[in-house]
Q: 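Please read through the structure below; I'll follow up with questions.
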2 protein chains.
Amino acid sequence: MTLLAMVSCQKEGNAIKLANEKLSSPDGNLEMEFSLSNDGRPMYALSYKGREVIKQSRLGYVLRGKKIDKKGVNTYGKPVDLYNGFSLKKVERDSLDETWEPVWGEESKIRNHYNELSVTLVQKRKGANKIKSGNNPIDPTYGMKSDADEVSVIIRFRLFDDGLGFRYEFPQQEGLTYFTIKDEITQFAMAGDNKAWWIPGDYDTEEYTYTESRLSEIRSLHDGAVEGNASQTVFSPTGVQTSLQMKTDDGIYINIHEADVENYPVMNLNLNDKTLTFSSWLTPDAEGWKGHMQTPCRSPWRTVMVTDDARGILSSRLILNLNDPCAYNDVSWIHPVKYMGVWWKMITGKSSWSYTDELPSVKLGVTDYSECKPNGRHGANNENVKRYIDFAAENGFDAILVEGWNEGWEDWFGNQKDDVFDFITPYPDFDIKALNAYAHSKGIRIIMHHETSSAVDNYERHMDAAYDLMDKYGYDAVKSGYVGDIIPYGEHHYSQSIVKHYLYAVKKAAEHHIMVDAHEAARPTGLCRTYPNLICNESAKGTEYQESVLPNHVTVLPFTRLQGGPMDYTPGIFEMDLSKFAPDNHAKLKSTICRQLALYVTMYSPLQMAADLPENYEKHMDAFQFIKDVAVDWNQSRYLLAEPGDYIVVARQVKKSSLDKAAKGVAALKDGARNYVDGATRFCAGDKDVWFVGGVTDDQKRELTFPLDFLKSGKKYEATIYADSPDADYETNPEAYTIKHETVDSTTVMTLTAARGGGFAISLKER
Amino acid sequence: MTLLAMVSCQKEGNAIKLANEKLSSPDGNLEMEFSLSNDGRPMYALSYKGREVIKQSRLGYVLRGKKIDKKGVNTYGKPVDLYNGFSLKKVERDSLDETWEPVWGEESKIRNHYNELSVTLVQKRKGANKIKSGNNPIDPTYGMKSDADEVSVIIRFRLFDDGLGFRYEFPQQEGLTYFTIKDEITQFAMAGDNKAWWIPGDYDTEEYTYTESRLSEIRSLHDGAVEGNASQTVFSPTGVQTSLQMKTDDGIYINIHEADVENYPVMNLNLNDKTLTFSSWLTPDAEGWKGHMQTPCRSPWRTVMVTDDARGILSSRLILNLNDPCAYNDVSWIHPVKYMGVWWKMITGKSSWSYTDELPSVKLGVTDYSECKPNGRHGANNENVKRYIDFAAENGFDAILVEGWNEGWEDWFGNQKDDVFDFITPYPDFDIKALNAYAHSKGIRIIMHHETSSAVDNYERHMDAAYDLMDKYGYDAVKSGYVGDIIPYGEHHYSQSIVKHYLYAVKKAAEHHIMVDAHEAARPTGLCRTYPNLICNESAKGTEYQESVLPNHVTVLPFTRLQGGPMDYTPGIFEMDLSKFAPDNHAKLKSTICRQLALYVTMYSPLQMAADLPENYEKHMDAFQFIKDVAVDWNQSRYLLAEPGDYIVVARQVKKSSLDKAAKGVAALKDGARNYVDGATRFCAGDKDVWFVGGVTDDQKRELTFPLDFLKSGKKYEATIYADSPDADYETNPEAYTIKHETVDSTTVMTLTAARGGGFAISLKER
């Protein structure tokens with residue numbers, strides 16, 4: 001070995017180890033190795049059943065350096081490295097095996113079982129990391145006086161049977177009080193050219209179509225994968241987002257994501273496609289810095305799920321387990337919701353959010369809408385809202401969402417306008433008091449809509465008054481939206497300040513007993529465990545994209561986007577040819593009706609919409625019965641068949657206590673009477689066991705076979721099977737379905753055919 | 001003329017004019033000419049008594065261009081020029097002569113007298129300003145569909161006897177709805193190498209020492225003029241701030257500033273020192289843009305005061321006249337305040353804002369101060385605050401300011417920390433309820449202190465609760481502070497969003513009947529006319545800078561900083577050798593005691609502090625009598641002598657209704673009794689005429705002679721004259737003064753000697 005090669009080797013951290021600590025998963029299948037190279041670089045590697053999953057990968061940070069100039073001004077100094085020169089000070093081991101109960105979820109009991117290794121690393125200050133101002137030694141990370149000559153960092157690893165989580169912890173210490181992150185350099189070195197389902201890395205949107213390719217193909221496919229969005233910031237031709245689902249050539253499923261992103265920017269991954277190594281790429285703030293930290297503090301968990309059965313990714317609760325327990329004492333006010341909405345009409349162009357077409361622009365408090373000519377297409381008008389309330393009540397829904405109810409929609413978007421909405425002033429044709437009273441009298445709540453237009457500062461200014469208005473009229477849920485570029489200017493949807501804002505809004509909402517469904521916010525990372533009034537998010541391409549949602553999309557989302565928490569995907573479209581009711585819209589959804597039913601089961605969310613128009617449901621009331629019957633929260637879930645990008649079949653057992661909660665939520669309406677029973681409550685009434693099954697495929701017609709062995713042994717069940725007709729096809733015949741009733745039991749093995757872009761749905765009720 | 005020279009000449013706009021409109025001031029001394037060059041560039045020039053003051057200078061803007069890319073995304077396009085290609089569509093003329101009454105001020109009636117010219121300019125869209133997306137013509141400034149083929153802009157000029165104001169107005173129009181300013185290119189072309197009193201242009205601080213130099217010398221002196229500050233952003237070696245005071249070689253005083261800066265960034269000036277032309281240089285946002293505008297809208301007024309008598313600058317009300325009338329119906333709750341404070345102790349290092357020295361950093365809501373060891377130097381403790389209350393009440397003050405009362409001061413500054421203060425949680429040794437009750441029982445209010453550490457977003461989150469707390473305890477004034485770099489990250493103290501914030505805070509305070517004294521906020525531009533609860537600002541280097549305040553400083557400030565509104569300069573220091581009470585502080589103030597008294601008259605503010613410690617006043621109770629007696633709001637003001645950088649002598653007549661208001665303010669204390677009478681009220685009691693005179697000089701000893709012809713003719717007045725002793729000198733003998741009582745009348749001509757760094761103060765009470 002030449003000297004040069006040896007130095008290079010040392011640089012890569014592959015030389016003599018200063019430390020080497022191993023950690024095994026409880027079942028022994030996963031093994032993690034932490035090491036310190038001879039230049040003090042922390043590294044880790046991960047293997048599964050003896051096969052390399054993550055090769056030796058670096059850990060650490062680069063911090064912003066500061067110095068004090070001759071005029072006494074704090075200014076930028078040389079960056080401070082927190083990725084080498086470490087020695088191992090302490091090693092601690094721990095383990096846990098507990099079971100906890102989420103407020104809502106895919107199952108009512110979750111096992112949290114791991115072995116833990118935490119290493120305390122110490123870096124001696126030297127070189128750029130040890131500076132003086134005159135005779136005063138100062139903290140180079142913040143230019144403050146400090147006599148400390150070392151910095152300590154803890155890296156905590158938790159190894160579960162289904163994967164690894166690790167995070168950085170920065171104890172309170174004299175030599176590190178405040179610091180600014182220049183870069184986090186956590187690496188994930190892949191052992192092979194895996195297949196991946198990826199979307200482009202972006203600081204402002206997650207609303208992309210998934211591309212399936214090998215890692216080495218990402219660069220060439222990247223530009224084509226970037227679809228237009230109201231706000232987007234692509235940062236690298238090999239940047240991708242998490243949760244990133246991969247599959248190795250020998251059949252191991254690897255999923256990289258993060259958990260518990262609270263006061264920290266969202267992580268993207270950037271691929272070095274020569275070495276097949278991903279590096280963390282944090283979302284910057286308006287000045288390009290990645291995070292402003294105060295010790296004691298910790299990073300989010302970086303997670304790597306590993307399994308050789310794709311269903312194991314879907315059943316993993318690793319992300320939730322790595323989040324903190326529920327922060328609220330009283331969660332009685334948090335309940336599942338099945339809702340309809342004055343929304344699809346606008347998305348498809350049949351109606352408008354705005355009230356008038358007369359205004360070049362709006363100034364809140366100045367523009368007098370009573371003087372404006374209505375455009376005649378405003379969706380959130382009294383009559384139309386009543387129509388939705390009536391239909392929703394008749395069919396056992398809990399709520400309706402009404403968008404476009406408040407002043408400001410004439411110019412809400414894309415203008416970097418600050419004072420865009422006040423969240424309290426209805427349009428002239430939306431009688432907020434009367435409509436809420438009418439809804440409540442029918443056992444329906446209206447869901448509030450707070451589109452912020454990403455003017456975060458403006459939203460915060462109006463938030464108290466907005467929540468007060470909700471209290472006044474008995475709203476207990478809000479859909480918030482963050483369309484367009486963020487204000488404060490230069491910040492991004494996923495930078496630290498804005499991540500903090502989303503959680504600020506959720507915590508403030510909790511004070512008012514309000515549930516939040518945030519759209520265009522940072523993708524979820526399991527925070528809903530701690531703050532369960534974050535009832536769901538959007539944070540991915542949903543039904544609103546209409547024709548551009550590809551058939552395989554919903555076979556990928558449960559592996560990726562849904563790993564962090566539920567999605568308001570807005571399923572339930574029955575009329576795929578949008579021109580039928582919105583003549584200017586020539587889009588056709590790439591789905592059969594039965595697939596739309598299946599999504600209520602395959603895409604878990606405790607807040608589920610039936611997104612289509614009442615008149616479209618009225619044409620297929622037999623199929624609509626499934627949407628009326630289906631529950632939205634679960635006692636158990638069984639992942640029967642799964643392959644990312646191909647198909648998913650899931651069975652879920654109704655959680656009766658959630659149905660009670662939903663019913664109680666509506667019964668609590670101040671000025672309303674509970675004349676109507678929630679549809680799922682009606683269907684699932686009594687103590688009989690009830691399950692629902694959903695199956696979806698991609699653009700391949702598939703025959704899918706699965707056993708019903710999850711049913712109670714020895715019991716008979718009435719199965720209602722909603723399936724694509726033999727000639728159904730998303731392109732040629734999307735509305736063709738059959739509904740069959742059969743008696744089944746736990747020994748039944750079912751085979752159903754899903755059309756191209758199709759699927760099936762089954763209700764199973766114990767006799 | 002060669003072709004090249006001709007083109008160049010046209011570019012400078014000196015060729016054939018397309019328009020030429022003249023405007024004269026009411027007295028005919030000022031003449032303004034608006035013209036349009038043959039390439040359609042708007043220009044203006046200004047002359048005074050036939051002498052050129054502003055040479056032909058350009059007007060206009062460059063806007064951010066937008067375009068729509070192939071994926072349908074709005075993106076940056078070529079900048080759109082709004083500075084040439086105009087034609088003149090309409091010329092309108094108007095005039096006004098009115099008198100209005102400010103809520104408080106240097107005089108009780110203000111004349112607003114001007115002639116007005118407004119020109120409506122139209123620019124045809126062409127070239128970069130006319131773009132298409134596919135077949136759709138779009139608005140190049142915001143990428144929106146627009147069929148408009150022209151843009152119109154109004155420039156409104158108002159010419160007063162004491163100067164010019166002009167602004168840009170953007171009517172609501174199809175072709176210009178939203179736009180982003182890349183640059184404002186308003187120019188001020190000087191006719192000669194004027195002398196100027198300037199401070200470096202900066203986006204974040206105005207706390208600089210003035211440099212007196214010719215314009216051509218600015219570049220070479222600039223770096224030396226940049227003193228260190230907690231937050232500063234110098235942008236150009238020839239950048240200076242407004243209000244900029246200049247003097248021509250032939251004795252004309254020119255002052256450039258702006259008025260009514262509401263939803264717009266603060267303007268600096270950048271000098272082309274070859275052509276001696278200043279250009280407007282707006283403070284950018286975090287992305288570098290200068291302003292986000294929605295039509296209809298208008299720029300602030302750009303102002304040029306002109307006079308050949310320096311006193312004319314001091315008596316000018318041009319800035320106030322260009323602001324909108326008072327926005328509040330009820331102003332009864334706004335009253336003048338003379339206060340002391342628990343503050344100088346901390347500034348000088350004798351005490352601390354913080355409660356403990358034990359904490360490396362603070363987390364609000366987590367840090368338990370009851371567990372911390374007090375440092376024994378915390379200023380805002382119950383005992384010390386009571387001592388101040390007692391002294392203030394005994395001596396007829398209205399209020400005391402207490403800084404450092406709330407949790408968070410251990411690490412408040414320089415850490416870019418967001419959650420820095422909550423503005424509601426007192427330290428353990430500050431009993432907010434008991435202290436307010438104690439103060440009120442003595443006729444004293446406590447002034448609230450909201451240091452934000454420039455975490456603007458954090459302040460806004462807590463503002464409602466903070467004002468609610470003030471309501472609860474009867475606070476009616478707050479000193480706010482913005483030390484350190486702004487959060488949102490990348491924004492500046494003077495960028496548009498933050499300018500909006502300052503006014504947001506003032507308007508919210510008004511809802512609670514709270515007066516605001518904002519430190520480190522944008523320098524005032526007369527907004528106090530419209531929002532008179534903006535009772536004063538800091539926005540310049542004040543007494544807190546101790547030794548580094550040069551003797552000529554207060555002879556410049558009334559010409560510059562005070563043009564926009566009152567300053568909380570915090571005068572009244574009696575102990576110039578700070579080591580006498582703060583042993584580690586070896587600074588000595590460059591002032592005599594009498595000069596400190598004079599500042600109460602020369603530095604107008606309706607909120608005036610007596611900044612020194614009670615024990616320092618107790619050594620000089622005879623001189624302190626002037627501070628007890630002096631009023632802080634005025635019926636008339638006479639500027640007796642003035643030369644920028646040299647000396648100022650001012651006489652002011654007491655406004656009796658303001659004294660009543662101040663007394664009423666204290667009497668309104670909920671749980672207190674008015675046992676003590678405001679000192680000025682006591683001194684000025686009855687219907688007898690009362691005046692105060694103040695005089696200050698620079699580092700020259702000066703004999704200053706002035707007539708008392710402002711006194712009522714035929715009446716005798718008792719004059720109490722506080723003057724520097726003959727041997728007084730700021731360096732060698734700052735505490736030497738004499739107090740004489742004389743009888744004077746309107747025929748008296750007074751001659752007083754001000755020591756180096758000295759001054760004098762006189763009370764004049766009708767017998």
Q: Non-hydrogen atoms of chain B under 4.5 Å away: do they reach the side chain of Asp485(A), the backbone, both or neither?
A: neither
Q: Quick check for you: among Glu460(A), Lys508(A), His501(A), which has the greatest number of heavy-atom pairs under 4.5 Å with chain B?
A: Glu460(A)
Q: Against chain B, work out which of Pro296(A), Ser495(A), Ser497(A) has the most heavy-atom pairs shorter than 4.5 Å and name it.
A: Pro296(A)
Q: For the rings on Tyr467(A) and Phe423(A), is their centre-to-centre separation under 6.0 Å?
A: no
Q: Going by the angle between their ring planes, with limits at 30° and 60°, are Tyr459(A) and Tyr482(A) parallel, tilted or perpendicular?
A: perpendicular
Q: With ring centroids as reference points, do Phe421(A) and His462(A) lie under 6.0 angstrom apart?
A: no
Q: Only one of Val151(A), Leu63(A), Val80(A) clears side chain to side chain contact (heavy atoms under 4.5 Å, CB included) with Phe179(A); which?
A: Leu63(A)
Q: Looking only at atom types and distance, does a side-chain atom of Asp204(A) sit under 3.5 Å from a main-chain N or O of His493(A), one as donor and one as acceptor?
A: yes
Q: Picking from Gln294(B), Lys500(B), Met463(B), Gln173(B), which has the most non-hydrogen pairs under 4.5 angstrom with chain A?
A: Gln294(B)
Q: Which heavy-atom pair separates Lys507(B) from Tyr328(B) by the least distance, and what is that distance?
A: CA-OH, 4.3 Å
Q: Could you tell me which of Ser361(A), Ala230(A), Gly490(A) has the largest number of non-hydrogen atom pairs under 4.5 Å with chain B?
A: Ser361(A)
Q: Among Asp464(A), Val226(A), Asp457(A), single out the residue with the greatest number of heavy-atom pairs under 4.5 Å to chain B.
A: Val226(A)
Q: In terms of heavy-atom pairs under 4.5 Å, which option from Gln172(B), Lys363(B), Arg461(B) contacts chain A the most?
A: Arg461(B)
